[in-house]
Amino acid sequence: MKSIEIQLSEWMNRAFRAAFPEVDLSGFPLGVTATTEEAFGDYQCNAAMGLARVLKKKPRDIAEAAIQAAAPNPAIKKVDLAGPGFINITLDEQALARYLEALQADQRLAVPRTGEGRTVVMDYSSPNVAKPMHIGHIRSTVIGNALDRLYRFLGYRVIADNHLGDWGTQFGLLILGYRHFLDPEAMKRNAVEELERLYVESYERAQADEAWRDQARAELVKLQKGDPENEALWKQFGELSLAEFEKIYARLGVSFDLVRGESFYRDRLAGIVEELNQKGLAVESEGAQVVFLDDLKLPPCIVQKKDGGYNYATTDLATIRSRIMEFAPDKIVYVTDERQQLHFRQLFAIAERMGCSTELVHVWFGLMRLPGATFSTRQGNVIRLEKLLDEAETRALSIVRESSPSMSPEQQREIARAVGIGAVKYADLSQHPQSVVTFTWEKALALDGNSAPYLQYACARIASVRDKYGERFPDRNPIDSPIRLEHPMERKLAVRIVRFPEAVERAAHQFKPNVLADYLYDLAQAYSSFYQNVPFLKAEDEVRESRVRLCMLTEATLRKGLNLLGIETPDRI
RNA sequence: ACCCCGGUAGCUCAGUCGGAUAGAGCAGCGGACUUCUAAUCCGCAGGUCGCGCGUUCGAAUCGCGCCCGGGGUACCA
């Protein structure tokens, strides 16, 4: 089933081609978009203005010609020519109602499978082993997961890979710290927290103590050479960390197809450098192996340190190579913070020179900061992700208890969980990814306005309507009655429902989940307004059924949309 | 010094790659619950889109210059 926007765009395309058969119009946008204002109708086409210069005609005349050349279209009530050359289209209510009826039978809500047959690797979350996840990790995890879900729904084969930081230079210090400062009790209580403490203590000692630094380096070399004792420790660190991460992922509803740390690629690093040498891409400079990218006005990129060690860029090159060999992806998407922009530009440039033709995309997001201090992870004012989620659930619980005192405690907790976690996720997803976010509890846990609970509340009200309808009219089925769009609120809601496919596609292709969030909020607002101002269970026969059908369509759309953002929709709230 | 982002209502933010009279939410003020969940709805008020010049039918959006803030800039990831 095609979306209305696509149908109208195709229709408009044919009209322009019929009006100007002698001109090659390929490459010009001739489609329609949702109107910027209701007063202009439902969809608008701005193509005439763009064509004016090329056709050397007045835009109004061009638009007029296209309108005249357009085939009769029963889906359209009227077409207006406005302003300098806008073509404004108003949908016919009857046709729109028939479309909605068909939509109700469509599991995909008219969202096309544009990714059919294509594969995309998504690299997100990727925390470092032996460090607890804090609020800085939530953006990569939540935004990455939303994109993951969006692409899957569009028909792509998605390989979600959690590329853990488990093979860095930090392990020398960590192993040393473990051997000297370990507190077994603390380790039992919270392994990852203790590992972090050990690292910090070891790091601080290394600042002042040169012998300690040398020792750490030696431990790292031993690990890299496969020393069994160090390898066992390293493995243990990884397992403890992963177990801790899994708890967070379970709470967030995030799962990966692969969890491959950087260590997975460690045996291929030498081969990458060798290949770069052979192709003349890497040369020795100041004792290190370096790829120069002067022609792209990028700084040089080190692929092998003078001590023989490898770093991030080399691992990532090996990772790209490995992913191409194993999955033959059309696209590899990385979701990281903004500080890595330069790294990825260098990486992509080198990969291309090595013959990689896969599309490589870096989706970056702004850093999370705290109001007073400028994002200081060192000063100890980091907020642990676990604590954030706890707080969110606690706050939600007190509200649920107040508004639904008759509910069982278990159900209250379950709803508070869905609402609290949803609020935290939505706070991130509803914002443009690349903006810098200043973290505040109030914003992260907002329960009114443009928030997850607002959307969840709308879903719960609909579920309630559906249940009450079933109780009061057990012998009727809404599907047996046609949809009618007579009340302005019904029409308004209908027009929004049919715009879902474009919101999904735009969110995915622009890598901006907030596009979908905005759409859902707008839809929920239209529904709330409808709900508050138009009676349905008390409406007369047929009208009641029609309105219940609109409720069900809204519900399906909201639920699918929130599901794509990774947000749960309880039946009661 | 150079590179990349951002600057929109008191606050937090949208703005569909150049479109029509710049939109939401909080906060503020005023209304609406014997009714389908008031975690809601309706209304009011709130703007030099950082500043200047330019490009054209048309600029918050594109170009140049400046101001302010953030991030980055060869052996960390």
Side-chain angles (χ1 to χ4, degrees), chain A residues 33-37 39-40 44 46 49-50 52-53 58-59 82-86 88 126 128 165 167-170 262 285-292 297-307 309-313 315-316 336-343 345-346 364 366-367 369 374-375 396 399-400 402-404 419 430-432 434-438 440 442-443 446-451 453-454 456-458 460-469 472 502-503 506 510 514-515 517-519 521-522 525 528-539 547-548 551 572-573:
Chain A
T33 54
T35 48
T36 51
E37 222 168 301
F40 302 143
Q44 65 183 63
N46 305 336
M49 275 91 74
R53 203 163 303 135
K58 285 181 192 157
F86 295 103
N88 291 335
S126 308
N128 286 325
W167 198 243
T169 44
Q170 76 266 30
E262 293 166 347
S285 172
E286 294 173 34
Q289 291 297 326
V290 180
V291 179
F292 285 94
K297 285 191 278 192
L298 290 172
C301 180
I302 292 178
V303 291
Q304 185 170 23
K305 298 186 277 186
K306 66 179 171 208
D307 67 5
Y310 305 100
N311 46 24
Y312 195 17
T315 306
D316 274 353
T336 82
D337 71 61
E338 61 181 332
R339 289 174 301 181
Q340 302 193 28
Q341 284 179 82
L342 175 58
H343 163 72
R345 270 197 282 162
Q346 293 177 317
W364 56 268
L367 283 171
R369 289 186 304 166
T374 47
F375 124 91
I399 292 173
V400 174
E402 205 171 301
S403 61
S404 310
V419 169
S430 60
Q431 197 149 148
H432 186 117
Q434 298 182 354
S435 61
V436 175
V437 305
T438 305
T440 61
E442 294 68 39
K443 197 164 64 177
L447 303 176
D448 54 7
N450 189 358
S451 69
Y454 178 90
Q456 290 169 323
Y457 182 64
R461 282 168 134 187
I462 301 175
S464 180
V465 165
R466 190 169 21 77
D467 293 348
K468 290 251 161 58
Y469 176 83
R472 293 185 200 176
E502 278 69 36
R506 269 184 24 231
Q510 295 178 32
N514 72 302
V515 168
D518 279 352
Y519 164 82
Y521 181 60
D522 186 49
Q525 277 188 125
S528 295
S529 186
F530 170 68
Y531 177 90
Q532 204 81 17
N533 295 295
V534 178
F536 15 100
L537 293 188
K538 275 171 296 183
R547 288 179 181 165
V548 168
C551 286
R572 296 287 178 273
I573 172 171

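Order of the sequence lines fixes the chain letters, A, B, ..., with proteins taken first and strands second; residue numbering starts at 1 for each chain.
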Counting any heavy atom closer than 4.0 Å, what does [X] reach on the DNA or RNA strands: base, sugar-phosphate only, or nothing?
| X | value |
| --- | --- |
| A:Asn88 | base |
| A:Thr36 | base |
| A:Asn514 | sugar-phosphate |
| A:Ile399 | base |
| A:Val400 | base |
| A:Ala82 | base |
| A:Ser435 | sugar-phosphate |

When you measure from the side chain of [X], which nucleotide among [options] comes out closest?
| X | options | value |
| --- | --- | --- |
| A:Asp518 | B:A14, B:U73, B:A20 | B:A14 |
| A:His343 | B:A77, B:G15, B:G25 | B:A77 |
| A:Arg53 | B:A14, B:A20, B:U56 | B:U56 |
| A:Val419 | B:U73, B:A39, B:U21 | B:A39 |
| A:Arg345 | B:U16, B:C42, B:C3 | B:C3 |
| A:Asn311 | B:A20, B:C42, B:A77 | B:A77 |

Is_stacked (A:Tyr521, B:A24) at 5.5 Å, 30 deg: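 One would not call A:Tyr521 stacked on the B:A24 base.
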Whether A:Tyr454 stacks on the six-membered ring of B:A39 base, 5.5 Å and 30° limits: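 A:Tyr454 ring does not meet the centre or angle cut-off for B:A39; no stack.
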Under-3.5 Å donor-acceptor pair between A:Asp448 side chain and B:A38 base: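 No, no donor-acceptor pair under 3.5 Å.
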Can you tell me how far [atom2] of [N] sits from [atom1] of [X], to the nearest Å?
| X | N | atom1 | atom2 | value |
| --- | --- | --- | --- | --- |
| A:Tyr312 | B:G72 | OH | P | 14 Å |
| A:Gln340 | B:G71 | CD | P | 15 Å |
| A:Gln431 | B:U8 | CD | P | 13 Å |
| A:His432 | B:G6 | NE2 | P | 7 Å |

Ring-ring centroid check A:Phe536 A:Phe530, cutoff 6.0 Å: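 Yes, the ring of A:Phe536 comes within the 6.0 Å limit of the ring of A:Phe530, centre to centre.
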Once rounded to the nearest 0.5 Å, what's the spacing between atom [atom1] of [X] and atom [atom2] of [Y]?
| X | Y | atom1 | atom2 | answer |
| --- | --- | --- | --- | --- |
| A:Lys468 | A:Arg461 | NZ | CZ | 12.0 Å |
| A:Cys551 | A:Tyr469 | SG | OH | 11.0 Å |
| A:Arg345 | A:Cys301 | CZ | SG | 13.0 Å |

B:U16 to B:G50 separation - P atoms, rounded to the nearest Å: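 Their P atoms lie roughly 15 Å apart.
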Whole-Å C1' distance, B:A60 and B:A22: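 Per the computed distance, 8 Å lies between those C1' atoms.
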Heavy-atom pair of closest approach, residues A:Ile573 and A:Pro453: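 Taking every non-hydrogen atom into account, CD1-O, 4.1 Å.
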Runs of at least three consecutive pairs that involve RNA chain B, where pairs are Watson-Crick or G-U with distances under 3.5 Å: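 Stem list for RNA chain B: B:1-7 with B:67-73, B:10-13 with B:23-26, B:28-32 with B:40-44, B:50-54 with B:62-66.
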Taking only nitrogen or oxygen atoms into account, show me every contact under 3.5 Å that the protein makes with nucleotides 30-37 of chain B, one pair per line with its distance.
from	atom 1	to	atom 2	distance (Å)
B:U35	O2	A:Lys538	NZ	2.2
B:C36	O2	A:Leu537	N	3.1
B:C36	N3	A:Phe536	N	3.4
B:C36	N4	A:Tyr531	O	2.7
B:C36	N4	A:Val534	O	2.9
B:U37	OP1	A:Ser464	OG	2.5
B:U37	OP2	A:Ser464	OG	3.0
B:U37	OP2	A:Lys468	NZ	2.7
B:U37	O5'	A:Tyr531	OH	3.3
B:U37	O2'	A:Tyr457	OH	2.5
B:U37	O2'	A:Arg461	NE	3.0
B:U37	N3	A:Ile573	O	3.4
B:U37	O4	A:Ile573	N	3.3

Any residue meeting salt bridge (Lys or Arg N to Asp or Glu O under 4.0 Å) with A:Arg572, in chain and number order, not counting sequence neighbours: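 Checked A:Arg572 against salt bridge (Lys or Arg N to Asp or Glu O under 4.0 Å); matches are A:Asp467.
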5' precedence on RNA chain B between A:Thr35 and A:Gln525 (nearest-nucleotide basis):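 Per heavy-atom nearest nucleotide, the more 5' residue is A:Thr35.
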Backbone N/O of A:Asp337 and side chain of A:Gln340: donor-acceptor pair under 3.5 Å: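 No, because the side chain of A:Gln340 does not come within donor-acceptor range (under 3.5 Å) of the backbone of A:Asp337.
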Donor-acceptor under 3.5 Å (A:Gln346 side chain, A:Leu298 main chain):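 It does not hold such a pair.
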Assigned glycosidic conformation for B:C68 [threshold 90° from 0]: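 Because its glycosidic torsion lies more than 90° from 0, B:C68 adopts the anti conformation.
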